[in-house]
Amino acid sequence: MKYGHFDDLNKEYVITNPQTPFPWINYLGNEDFFGLVSNTAGGYAFYKDAKFRRLTRYRYNNVPMDNGGRYFYIKDEDTIWSPGWKPVKTPLDKYECRHGLSYSKIMGAKNGIKAESTFFIPLKTWAEVHHVKLTNEGKQPKKLKFFSFMEWCLWNAEDDQNNLQRNLNTGEVEIEGSTIYHKTEYKERRNHYAFYSVNTPINGFDTDRESFVGLYNELSEPQAVLNGKPGNSEAHGWSPIASHYIEVELQPGESKDLIFVLGYVENPEEEKWESKGIINKKPALAIQEKFNTLEKVEAALADLKTYWEDLLSIINIESKDDKLNRMVNIWNQYQCMVTFNMSRSASFFEVGIGRGMGFRDSNQDLIGFVHQIPERARERIIDIASTQFPDGGCYHQYQPLTKRGNDAVGGGFNDDPLWLILGVVSYIKETGDFSILDEMVPFDNDESLAKTLFDHLTVSFNHVVNNLGPNGLPLIGRADWNDCLNLNCFSTNPNESFQTTENNTEGSKAESVMIAGLFVVYGTDYVELCNRIGKNKEANRALLEVNRMTDAVKANGWDGEWFLRAYDYYGKKVGSKDNEEGKIFIESQGWCTMAGIGSEDGLCEKALDSVKEHLDCDYGIVLNNPPFSKYVLEYGEISTYPAGYKENAGIFCHNNPWIMIGETRLGRGERAWEYYQKISPAYLEEISDLHRTEPYVYAQMIAGKDAYLPGEAKNSWLSGTAAWNFYAVTQYILGIRPEYEGLKIDPCLPSSIQEYVFVRKFRGATYKIKIVNGEKGKGVKSLIVNSESVKGDVIPLQKVDVEHQVEVELF
Ligand code: BGC
Ligand code: NOJ
């Protein structure tokens with residue numbers, strides 16, 4: 001069942017039924033100031049950090065869910081309704097929510113009145129614009145009572161929820177003209193305040209929640225709206241809100257535009273006040289002035305559209321498959337940018353309070369957005385590398401505001417260092433900017449310890465070499481990519497986190513076959529990089545280590561039909577036919593086949609056939625099989641989840657592309673494509689009622705075959721899934737891959753894709769590449785660049801600022 005449809009021309013998903021199986025959300029903002037908005041106008045706004053600078057209040061895990069946001073109430077005689085259906089939930093005559101690129105338009109109509117609300121954050125602006133157009137589509141004149149409503153958060157979102165003995169006393173506001181200013185704590189240590197304005201005179205207001213809502217009322221029936229009269233309340237403590245009251249008269253056919261601005265201001269210390277106790281409102285008025293007419297708002301929205309057109313013009317495909325086109329051209333790229341902006345902080349599953357930026361997560365996210373914003377990718381790489389330790393290990397997370405490593409989580413996740421090689425190599429291949437390697441980058445944020453970025457890659461590589469276990473495989477430490485395979489943890493205390501509890505790595509024999517595969521892949525990249533910059537001696541040394549690792553996997557990491565997953569604390573096999581549960585895991589099959597380990601002896605083929613046989617199901621590839629049915633002390637969190645969920649045999653959409661890429665290495669395009677379609681959201685639109693999360697973005701996890709309800713997804717938006725699927729489909733299935741010296745053409749296609757045109761802007765030139773499939777779906781038969789035949793499968797760099805015509809025939 002569907003709840004809407006894609007509008008590809010406008011790059012929107014159009015929701016036509018407000019009762020989606022879960023709130024379907026969108027993100028506003030591209031830099032510094034952000035908002036989350038659901039299809040019923042729920043959500044919140046924040047400046048830079050969803051914990052420390054949250055402007056509006058949002059209660060997670062609420063009943064009913066998704067309650068609170070940027071709400072409007074319309075009282076038309078005795079009928080009260082909201083354009084977004086919620087919170088009032090009066091059945092609407094018309095409803096439509098269009099989630100577009102960094103904006104959302106929610107339209108509702110009732111009894112001849114249409115209300116169209118457009119929410120967006122103009123470029124380079126610390127404010128949301130809420131443009132509401134009210135139109136009388138009926139035959140009678142109308143007198144409406146219009147109320148806006150949102151709750152202020154007292155800045156620190158965590159404290160806001162738990163320190164009530166203080167917070168119920170601190171709230172302060174000012175009301176001037178049509179603007180409500182939220183200035184809690186401004187008189188002491190804050191230099192910032194927020195405001196909510198409207199571009200028309202108001203007939204009243206409320207700033208105190210209880211006066212507006214009523215102590216025993218719900219948001220669906222605020223007392224002031226029921227009464228048709230605001231309280232003109234001024235908040236002193238308790239819960240400050242912002243509600244404007246506007247009387248609107250509309251003749252038949254007439255429209256009125258209300259433009260609300262929800263903004264954030266920082267004042268320098270000496271300019272904080274206008275007069276005693278009265279805040280300096282100049283910067284706020286300047287923001288309001290920028291968006292106080294329809295023309296200005298429309299121009300700002302048009303700028304935002306142009307911004308996105310430019311970003312999305314870098315990679316674009318035209319094929320006969322609409323679903324593929326919309327994922328590659330629009331939604332998958334959009335999700336990658338959102339993960340760049342949010343990391344894992346704020347979604348409807350991540351509450352914006354915990355999780356800093358992950359070392360491994362941030363490096364992997366990079367492969368999804370480096371083509372769009374290379375300069376910001378560069379900056380991100382330096383930030384990440386600055387949190388590395390001199391021995392190559394790393395803080396597992398860092399804090400976005402301070403950019404410092406997070407002591408509470410610490411380090412010891414032994415896959416972390418290798419992802420830096422992925423990040424840096426991807427950046428250089430995209431941009432050709434080798435100078436990044438010479439940047440001086442601190443260790444542990446200590447400038448006195450700074451070394452070149454290249455040196456950081458060397459210690460990353462060496463960290464694995466220096467931490468090998470009894471089988472010559474990498475020691476796993478706290479965990480590798482799978483945060484829940486905690487082989488050194490032995491936790492019996494339900495009050496501790498598996499990621500940060502005591503670490504029994506000392507004396508442990510726990511080794512990871514996944515890290516071994518990862519090392520062969522990125523170690524090989526490191527060797528190539530060394531050769532390119534003339535460090536041949538280092539390249540030779542590194543190559544010996546890579547080869548040694550390959551041999552170790554062949555000798556000790558192969559289980560007969562697939563790759564083992566690990567060795568546990570005691571040196572016993574994990575992910576082997578000899579195990580009772582968890583006999584086979586996805587991660588090592590993905591990484592060892594991407595590395596091509598044992599391909600000459602058919603190991604990769606066998607491993608991926610085993611994946612098909614044991615892990616594949618209707619909804620994707622599960623993480624492990626059979627799932628764990630009981631808690632295994634020496635395995636940790638993985639065995640805590642019920643079967644089929646999350647890391648215990650859920651379909652982790654992040655790692656499915658590893659198998660897709662592995663399949664393309666073997667030239668098995670049909671299988672790679674089948675796996676791609678199984679989890680790609682646009683292909684799941686028809687089963688939205690089962691899938692539940694948005695059909696336009698990936699979720700981290702879909703319940704696996706052993707789950708209570710296979711196919712049901714959770715944790716949409718913020719996941720490495722976005723970047724990896726984009727990387728797999730564009731670079732390995734459609735096969736257009738940036739390399740140091742040009743664009744490599746290496747598609748691996750199913751027979752259902754006969755031809756397509758892939759437009760790629762790369763290092764200043766545009767390549768229009770027409771691919772025609774052949775019998776095999778793999779291997780370049782002919783490559784013609786600007787009418788000239790080119791040998792091999794790499795388009796050499798061409799003249800910049802020009803479009804080049806490329807024709808490719810595959811075998
Ligand atoms: C989740 C993982 C996550 C980890 C660290 C676990 O509970 O299952 O997906 O990486 O927490 O936050
Ligand atoms: C989510 C985390 O963000 C990521 O770092 C981890 O690799 C996966 N979960 C798998 O556990």
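Atoms within a ligand are numbered from 1 in the order they appear, just like the ligands themselves.
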Distance-only polar pair, side chains of Tyr641 and Glu637, donor-acceptor under 3.5 Å:
yes
Using side-chain heavy atoms (C-beta onward) and a distance below 4.5 Å, is Phe585 in contact with Val574?
yes
Hey, which atoms in ligand 2 end up nearer than 4.0 Å to a heavy atom of Asp483?
2 (C), 4 (C), 5 (O), 6 (C), 11 (O)
Would you say the side-chain atoms of Tyr427 and Arg378 include a donor-acceptor pair closer than 3.5 Å?
yes
Near Lys646 (heavy-atom distance under 4.0 Å), the atoms of ligand 1 are 1 (C), 2 (C), 8 (O), 9 (O)
Near Gln700, which atoms of ligand 2 are under 4.0 Å from a heavy atom of that residue?
1 (C), 9 (N)
Run the numbers for me: atoms of ligand 1, each under 4.0 Å from some heavy atom of Tyr641, listed by number.
1 (C), 6 (C), 7 (O), 8 (O)
Can you list everything that forms a side chain to side chain donor-acceptor pair (under 3.5 Å) with Asn26? Sequence neighbours excluded, please.
Ser104, Tyr334
Sequence neighbours excluded, every pair satisfying side-chain hydrogen bond (donor to acceptor under 3.5 Å, both in side chains) that has a member inside residues 338-351
Arg344-Asp365
So for Phe498 against ligand 1, with non-hydrogen atoms under 4.0 Å, the contacting part is neither
Any Gln700 heavy atom less than 4.0 Å from ligand 1
yes
For Glu647, take its heavy atoms, then give the atoms of ligand 2 lying under 4.0 Å from any of them.
9 (N), 10 (C), 11 (O)
